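Data block below; observations after.
All residue numbers refer to positions in the sequence shown, counting from 1. For clarity, every value in this text was computed on a predicted model and none was experimentally measured.
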Amino acid sequence: MENIGSNTNQTSIIVRRMFYASLGVLVFSSVSTMLGSLVDGIITSRFLGEGAMAAFSIDNPVYNIMTMLSGVLSSGTQVAYSKVIGRGDTDRARAVFNICFFVALGLSVVLAAVMFFGAGPIAGLLGARGKSAELLPMASDYLRGLAPGLPAVIMVPIVSGFMQIDSDRSRTMVAMGLMTATDIIGDLLNVLVFHGGMFGMAIATTIAYYVALFILLLHFFKKNIMLKISLKGLVGKDIFDIIKNGLPNAISNGGLMIQKVALNYLLLAIAGAYAVSALGKYYTLYGFLSTVIIGIAGTTMLIAGVYAGEEDRDGLRCLQNLSIRFGLIVIGIISVLILCFTPLCVELFMKEKSGEAFDAACNLFRINAFGLPFVMVNFVFLMYLQGIRNELFSRLIGFLDRVVYVLSLAVVLGMIWGENGVWVALVLGEVLILFTILLIAFFKRKKAGSFREALLFLPDDFGPEPENVLSFSMNSMEEVMCAASVSREFITERGGTERQRMLLPLCIEEMAGNIARFGFNDGKKHCIEVKVIYKNGDWIIRIKDDCRPFNQVDWLKIYKPDDPEVNIGIRMVCSMAKEIRYVNTMQMNVLIINV
């Protein structure tokens with residue numbers, strides 16, 4: 001077995017497995033959600049007309065408000081949860097989840113009442129007035145139909161985000177799949193049977209979200225899960241920590257809402273309703289295509305939170321490389337497909353294959369195909385920064401991205417080139433954001449040691465020194481024994497006591513050995529990652545594996561025979577270690593031993 005020290009090759013094995021396992025669920029969840037929105041837009045445009053599509057576009061910022069609220073709570077809670085769980089504190093992790101759950105539930109009920117009774121004024125505020133006053137009835141009807149569904153619209157992203165953390169990934173896929181199917185069936189029934197107009201379209205969405213929420217909430221009736229819905233242990237100040245962690249998401253989604261409203265007003269002034277309709281088509285299709293971006297960035301945030309909690313620089317470096325490389329390949333392919341099949345993409349929304357509305361949409365789709373790779377990289381950086389809790393920089397990036405760059409460019413270029421200037425501004429805004437990120441890293445490179453390290457945007461005191469970390473990746477019992485032997489030399493070289501030279505190798509031999517014996521017998525390929533860490537005079541062993549759940553401390557309590565010779569290795573480790581914490585999250589077992 002290779003002794004790799006701080007080398008990232010072995011660390012990347014676990015990172016890749018966590019990344020790809022989580023990515024599938026997040027992408028499927030995002031695809032299902034956005035597919036429903038895409039179908040809503042297509043059916044609205046083709047069956048109810050361009051006026052209805054313009055009204056749908058005017059109401060679209062409401063989704064950004066809901067996404068902003070659920071995003072603040074969901075991402076903020078996941079960051080706080082990941083940091084706590086990275087330290088092995090399961091009780092605090094449960095309390096963080098529960099305060100988010102109850103706050104979101106109460107807030108969504110209040111907002112539902114406000115939207116239902118204030119649908120008219122809200123639609124007018126969003127742009128259905130003046131020259132566009134004829135859109136007010138349709139826009140108001142849609143908001144009234146959506147209002148009863150707001151609790152589900154807000155709660156579904158929050159609850160589904162924790163399904164994979166609590167190792168129930170398949171439930172999210174079932175819930176999102178049923179939600180999409182229900183929404184599509186409901187939309188078709190509305191336009192072909194009930195003729196309910198925009199109100200009926202919104203009711204179909206409302207019902208679909210409640211179907212998904214019902215499926216997700218069944219998770220909490222399962223046994224042997226870590227998360228439980230309970231008022232026990234709630235700490236009021238946690239909500240402030242959650243909001244602080246989620247502010248970058250709020251700025252990003254709130255900024256997108258401001259961007260949409262401002263662009264709608266601008267396009268109505270310099271072009272007309274056809275340009276607003278084209279923008280609505282773009283946001284609808286973009287929302288569907290961005291599911292890959294959302295999945296990659298969301299996965300990055302989750303895993304970054306865990307590795308930030310562990311203060312694992314190697315893991316974060318591997319994660320960032322993997323996220324950006326994988327995302328650019330996938331988004332590059334999507335961008336090429338859009339460029340090749342732009343007319344077909346627009347025809348999804350329109351019966352007419354010519355005219356200013358068709359041409360405006362085609363130009364928008366083509367121009368912004370070039371911007372998708374920049375969007376992907378920027379969003380990955382934004383969510384990564386949120387995961388490591390670099391709040392200041394992530395807020396700055398979100399605000400500049402959604403509000404400052406795009407809107408400033410849109411006003412200037414829109415006045416010069418009309419709607420095509422606005423389309424170009426959407427791309428140039430993303431280019432400027434990436435330039436800003438790279439420029440800040442460039443100025444930090446000397447202090448960080450290199451430009452690559454500067455791109456991690458980590459505090460100067462983050463984690464132990466690389467020379468004080470010993471890393472192993474093991475796939476067999478023989479490698480476990482070798483790792484125990486090598487670790488003894490590592491501890492001796494750093495002045496470890498006789499007790500530490502005996503206990504730390506014993507921890508690796510016994511605990512990692514039990515994982516190999518217990519977890520490698522299912523016929524699947526698994527990996528155990530062990531890190532021996534020396535920091536501030538303390539010794540820590542972190543053992544991570546992708547085998548089935550196995551809490552060795554609880555197992556010893558349950559199967560503790562009277563014979564003191566049985567399980568003597570685990571007994572010695574448990575009796576001599578200062579603290580042992582076990583966490584099962586994202587289908588990974590993590591055992592943290594303080595010696």
Evaluate the criterion side chain to side chain contact (heavy atoms under 4.5 Å, CB included) for residue pair V412 and M415; output intermediate values, then yes/no.
-> CA-CA 5 Å; V412 174; M415 295 300 179; over 6 Å; no
Rounded to the nearest 0.5 Å, the CZ atom of F381 sits from the CG atom of L434 at a distance of 7.5 Å
Ring centers of F220, F97 separated by less than 6.0 Å | yes
Tell me, do T299 and Y20 make a side-chain contact under 4.5 Å, heavy atoms counted?
-> no
Got a sec: does the CZ of F214 have more than 12 other heavy atoms crowding it under 6.0 Å?
-> no
Close side-chain approach of C362 to E347, heavy-atom, < 4.5 Å | no
What distance do S323 atom OG and F379 atom CZ have between them, rounded to the nearest 0.5 Å?
-> 12.5 Å
Is any side-chain heavy atom of I258 less than 4.5 Å from a side-chain heavy atom of L407?
-> yes
CZ of F370: more than 12 outside heavy atoms within 6.0 angstrom?
-> no
Can you tell if the side chain of L428 reaches within under 4.5 Å of the side chain of L413, non-hydrogen atoms only?
-> yes
Yes or no on side chain to side chain contact (heavy atoms under 4.5 Å, CB included) for L364 and L426, after CA distance, side-chain angles and deciding distance?
-> CA-CA 9 Å; L364 174 56; L426 292 170; 4.0 Å; yes
Report the distance from atom CD1 of I99 to atom OG1 of T77, rounding to the nearest 0.5 Å.
-> 9.0 Å
Would you please test E419 and L279 for side chain to side chain contact (heavy atoms under 4.5 Å, CB included) and show each step?
-> CA-CA 10 Å; E419 72 263 19; L279 186 64; over 6 Å; no
Have a look at M155 and tell me which of F101, Y210, Y209 forms a side-chain contact (heavy atoms from CB on, under 4.5 Å) with it.
-> F101
Could you check if a side-chain atom of L432 sits within less than 4.5 angstrom of a side-chain atom of L409, using non-hydrogen atoms only?
-> yes
Validation row: M198, T44 side chains within 4.5 angstrom (heavy atoms) = yes
Could you label the plane-to-plane angle of the F19 and F326 rings as parallel, tilted or perpendicular, counting under 30° as parallel and over 60° as perpendicular?
-> perpendicular
Below 4.5 Å, heavy atoms only, C-beta onward: do I203 and N190 meet side chain to side chain?
-> no
Flag for T436-Y405: side-chain donor and acceptor within less than 3.5 Å = yes
If we only count heavy atoms from C-beta on, is the M301 to Y384 side-chain gap below 4.5 Å?
-> no
Between atom CE of M179 and atom OG1 of T172, what is the distance when rounded to the nearest 0.5 Å?
-> 11.0 Å
